[in-house]
Amino acid sequence: MALRSAAAVAPRSLRRLITGTSSRTLPIISQAIWDWEKLESSTNAFVSGRLFSSTSISSFIPPPLPPSAQQREKPEPSTNLFVSGLSKRTTTEKLNEAFAKFGEVVHARVVTDRVTGYSKGFGFVKYATLEDAAKGIEGMDGKFLDGWVIFAEYARPRPPPEHHSAPPHSQRPY
DNA sequence: GTTGAGCGTT
């Protein structure tokens, strides 16, 4: 569909918006984008043309992103990739196969619901080297897999395993 | 048995 083709070439910040947009809500999004472009052009006129305005443009400019949000946009490089936007029909094998074209995949997994066994629509791909991982992102991020635009980025480090052995302040009876 | 935000069953 045209919407998904647009997603493949859209700036990263817009991709999720586009792929998560049904045709019902598209007019609303289009209106919002049109409004934003209008605002941007008026901002440019204000700056370069030295025009005066009674409205405060600065109130419309988004504040700088907090550190937590920046973390989301620029994850730490890793050999492990988080892949989202997967078709629910995409299997671990297909995932492995697609990413293996760009480097040595040592592990790949589509995450499935434990009880139903169905895909949750995302997965992980682990490459042998950081270089391969970077090539994997370059080669697969924003590309189609089983008809869906997928997103490949560095996976966040997994939470450390819970050691259930010795409590820090364990009291033992004498 | 999906049009969907997300960071995982060893």
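Just so it is clear: chains get the letters A, B, ... in the order the sequence lines come, proteins before strands, and each one is counted from 1.
Rounded to an integer number of Å, the gap from CD1 of A:Ile150 to C1' of B:dT3 is 16 Å. The separation between A:Arg158 atom CZ and B:dG8 atom P is 7 Å, rounded to whole Å. Distance, A:Arg109 CZ to B:dC7 P: 15 Å, rounded to whole Å. Protein atom NZ of A:Lys126 is 19 Å distant from nucleotide atom P of B:dC7, rounded to whole Å. Taking atom CZ of residue A:Phe151 and atom P of nucleotide B:dT3, one finds them 17 Å apart after rounding to whole Å. Rounded to whole Å, the distance from CZ on A:Arg114 to P on B:dT9 is 6 Å. Here B:dG8 presents its P atom at 6 Å from CZ of A:Phe124, a figure rounded to the nearest Å. Here the C1' atom of nucleotide B:dG6 and the NZ atom of A:Lys88 are 10 Å apart, to the nearest Å.
Stacking annotation: A:Tyr118 is not stacked on the base of B:dT2 (requires ring centroids less than 5.5 angstrom apart and an interplanar angle below 30 degrees).
No contact: A:Leu81 has no heavy atom under 4.0 Å from any strand.
Under the 3.5 Å distance criterion, the side-chain polar atoms of A:Thr79 are left unmatched by any main-chain donor or acceptor of A:Thr129. Judged by distance alone, the side chain of A:Asp141 and the main-chain N or O of A:Ala152 form a donor-acceptor pair under 3.5 Å.
Taken to the nearest 0.5 Å, the CG atom of A:Leu86 stands 6.0 Å off from the CG atom of A:Leu95. Note that OH of A:Tyr127 is 6.0 Å distant from CZ of A:Phe99, once rounded to the nearest 0.5 Å. The OG1 atom of A:Thr112 sits 8.0 Å away from atom NZ of A:Lys120, with the distance rounded to the nearest 0.5 Å. With rounding to the nearest 0.5 angstrom, the CD1 atom of A:Ile150 is 9.0 Å from the NZ atom of A:Lys143.
When the P atom is used for both B:dG6 and B:dT10, the distance is 23 Å, rounded to whole Å.
Residues from residues 129-137 of chain A that place a heavy atom under 4.0 Å from any atom of DNA chain B: there are none.
Where A:Asp113 and A:Arg89 meet DNA chain B, the nucleotide closest to each residue was compared, and A:Arg89 sits on the side nearer the 5' end. Heavy-atom nearest nucleotides on DNA chain B were determined for A:Pro157 and for A:Ser119, and the one closer to the 5' end corresponds to A:Ser119.
Taking every side-chain heavy atom of A:Phe122 into account, B:dG6 is the closest of B:dG6, B:dC7, B:dT3. Of all nucleotides listed (B:dG6, B:dG1, B:dT9), B:dG1 comes nearest to the side chain of A:Thr116.
Qualifying side-chain contact (heavy atoms from CB on, under 4.5 Å) partners for A:Asn80, counting only residues two or more places apart in sequence or in other chains: A:Ser78, A:Phe124, A:Lys126, A:Ala155.
For B:dT9, its base sits under 3.5 Å from the side chain of A:Thr112 at one donor and acceptor pair at least.
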